[in-house]
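What you see is a predicted model; the values in this text were computed from it and never measured. Just so you know, these numbers use all the heavy atoms, side chains as well, and skip hydrogens, waters and symmetry mates.
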Number of protein chains: 2
Amino acid sequence: MEKLSRKQEKALALIAKRTREQGYPPTLAELTEELGAASKNTAVKYLRILSRKGYIVWERNKARGIQLTADAGGGEVGLPLIGAVAAGAPLLAEQNIERYVTVPSCLLQASAPHFLLRVAGQSMLQAGILPDDLVVVRAQPHAAVGEVVVALIDGEATVKRLAQSADRLFLKAENPEFADIHPQGEWSIQGKVVALIREAVV
Amino acid sequence: MEKLSRKQEKALALIAKRTREQGYPPTLAELTEELGAASKNTAVKYLRILSRKGYIVWERNKARGIQLTADAGGGEVGLPLIGAVAAGAPLLAEQNIERYVTVPSCLLQASAPHFLLRVAGQSMLQAGILPDDLVVVRAQPHAAVGEVVVALIDGEATVKRLAQSADRLFLKAENPEFADIHPQGEWSIQGKVVALIREAVV
DNA sequence: ACTGAGGGTGAAAGGAATTTCACCCTTTTT
DNA sequence: AAAAAGGGTGAAATTCCTTTCACCCTCAGT
């Protein structure tokens with residue numbers, strides 16, 4: 001992404017701050033004032049530049065029509081939380097979505113699709129992943145060996161580490177009490193765990 | 001908080017959805033359309049009710065001046081991330097604030113003050129708290145025995161479990177390789193760890 | 001010496017968005 | 001039976017926001 005000048009960065013930070021604190025972006029007049037400028041056109045020019053460089057989406061002819069892009073930092077995105085997985089349906093089918101949770105975009109990777117999954121069981125204990133943790137998953141059909149992935153086996157979603165033996169992939173738990181999983185039938189990788197949110201620390 | 005009727009709930013959900021997806025709240029005209037109403041005054045009346053019941057903050061005479069309150073669900077709050085702790089200064093002093101991170105408000109407890117701290121070291125490994133994790137801390141000067149707390153010892157902030165021996169409190173690591181800490185001089189509890197965010201899962 | 005890009009001012013015009021008014025209906029509470 | 005509260009329509013008035021135009025300066029690159 002194209003770099004920003006000092007003043008442009010300041011303008012972006014101001015927009016992000018207002019959006020965060022107030023719940024909605026500033027108007028041109030408000031931005032002009034916060035920039036310390038005298039003309040609204042100054043703010044317009046900054047928005048034009050930030051929009052061209054991809055830091056914001058600017059909808060013209062709309063009051064406060066400034067949207068921070070995910071890459072703008074300090075942004076946030078609503079991600080679907082996958083609840084009970086309905087047999088047969090794809091993981092991201094609407095029927096599987098329990099609710100939306102707002103997540104800081106700094107946890108995500110670029111603009112790839114992500115979702116959330118609640119961890120069941122203690123199989124990833126040694127990796128610091130506890131039951132009921134929310135894992136942030138980047139949706140992708142492949143992953144590298146050694147990465148923590150979400151796999152769909154017999155219609156059930158599970159979080160494990162991807163491993164390899166001789167010629168085939170298998171799934172490894174991070175807990176000596178759990179055996180490795182060498183899937184027999186159909187299975188698939190749904191994504192890669194990129195972050196984690198724990199709602200209740202005890 | 002006062003209950004909402006079915007239609008009021010629907011209106012609130014629409015506002016929350018637009019705010020999440022678009023980054024800013026709807027205008028009266030937009031809300032009117034999404035409600036399926038014909039008159040903008042219908043939307044005005046809903047906003048009046050939602051505002052009175054405390055689900056939104058409505059700034060009059062402002063375009064899109066609708067702010068979801070934290071209790072409205074799906075909300076998010078910008079919390080200060082404490083960086084290097086300057087000796088002597090209180091933990092939440094401005095000089096210690098590295099940046100602000102947006103956190104879903106469902107992680108927080110009511111409207112108490114919270115902050116974020118980056119975990120250093122492996123001393124809480126067995127509790128599923130890894131180095132570089134961000135812990136969400138509810139600022140409070142006391143905590144119950146057995147809770148995970150942030151303590152300030154000799155000007156350094158540390159995350160440990162609060163324990164008690166005979167008559168005095170001490171701090172316990174969740175890792176057999178780390179010894180318990182029986183603080184000698186001045187020390188204080190800065191808050192209680194209520195949630196956790198891991199930015200990079202390896 | 002010229003050009004382009006960043007940064008800036010000021011004001012007028014047109015479109016967007018908010019308010020307020022009067023009036024309607026139904027359901028629940030007093 | 002009357003009052004209060006939720007839900008609703010339509011339109012005018014007013015304020016708020018955005019856009020655009022003309023013109024200014026400085027600095028880096030050609």
State whether A:Tyr46 places a side-chain N or O below 4.0 Å from either non-bridging phosphate oxygen (OP1 or OP2) of C:dG8.
yes

With heavy atoms under 4.0 Å as the rule, sort A:Lys62 into base, sugar-phosphate or nothing.
sugar-phosphate

Considering only D:dG8, D:dT18, D:dT20, which nucleotide approaches the side chain of A:Leu28 most closely?
D:dT18

What is the distance, rounded to the nearest whole Å, between atom CZ of B:Arg6 and atom P of D:dA5?
21 Å

Can A:Arg64 and A:Glu30 be counted as an ion pair, charged N to O under 4.0 angstrom?
yes

D:dT18 P sits how many Å from B:Arg64 CZ, rounded?
9 Å

C:dT20 phosphate, OP1 or OP2, under 4.0 Å from B:Arg60 side-chain N/O:
yes

Evaluate the side-chain proximity of B:Tyr46 to B:Thr32: yes if any heavy-atom separation is below 4.5 Å, no if none is.
no

Check the distance between D:dT9's P and B:Asn41's CG and give it to me in whole angstrom.
10 Å

Take atom CH2 of B:Trp58 and atom P of C:dA17, then tell me their distance rounded to the nearest Å.
15 Å

What are the two closest non-hydrogen atoms of A:Ala127 and B:Leu130, and how far apart are they?
O-CD2, 3.7 Å

Looking at D:dG6, does its base get a donor-acceptor pair with the side chain of B:Lys45 below 3.5 Å?
no

Under 4.0 Å, counting only non-hydrogen atoms across every strand here, what does B:Thr27 touch: a base, just sugar-phosphate, or nothing?
sugar-phosphate

Whole angstroms only, please: what is the NZ-P distance between A:Lys53 and C:dA5?
12 Å

Of the listed nucleotides D:dT9, D:dG6, C:dT9, the one nearest the side chain of A:Ala38:
C:dT9

Taking for B:Ala63 and for B:Leu35 the nucleotide of DNA chain D with the nearest heavy atom, the one nearer the 5' end belongs to B:Leu35

Just wondering, more than 12 heavy atoms not from B:Glu33 lying within 6.0 Å of its CD?
no

Whole angstrom is fine here: how far is it from CD in A:Glu59 over to P in C:dG15?
19 Å

Can you tell me if the side-chain N/O atoms of B:Ser39 get under 4.0 Å from OP1 or OP2 in D:dA11?
no

With no angle test and no hydrogens, is the base of C:dT18 tied to the side chain of B:Asn61 by a donor-acceptor pair under 3.5 Å?
no

Whole-Å distance separating the CG atom of A:Leu31 from the P atom of C:dT9
13 Å

Are the charged groups of A:Glu174 and A:Lys160 less than 4.0 angstrom apart, N to O?
no

Does a side-chain N or O from A:Arg52 land closer than 4.0 Å to OP1 or OP2 of C:dG6, or not?
yes

Salt bridge present between A:Glu9 and A:Arg6 (N-O < 4.0 angstrom):
no

Nearest listed nucleotide, side chain of B:Lys7, among D:dG7, D:dT20, D:dT19
D:dG7

For B:Glu33 and D:dG8, what is the distance between atoms CD and P respectively, to the nearest whole Å?
16 Å

What nucleic acid atoms does B:Lys40 come within less than 4.0 Å of, heavy atoms only: base, sugar-phosphate, or nothing?
base

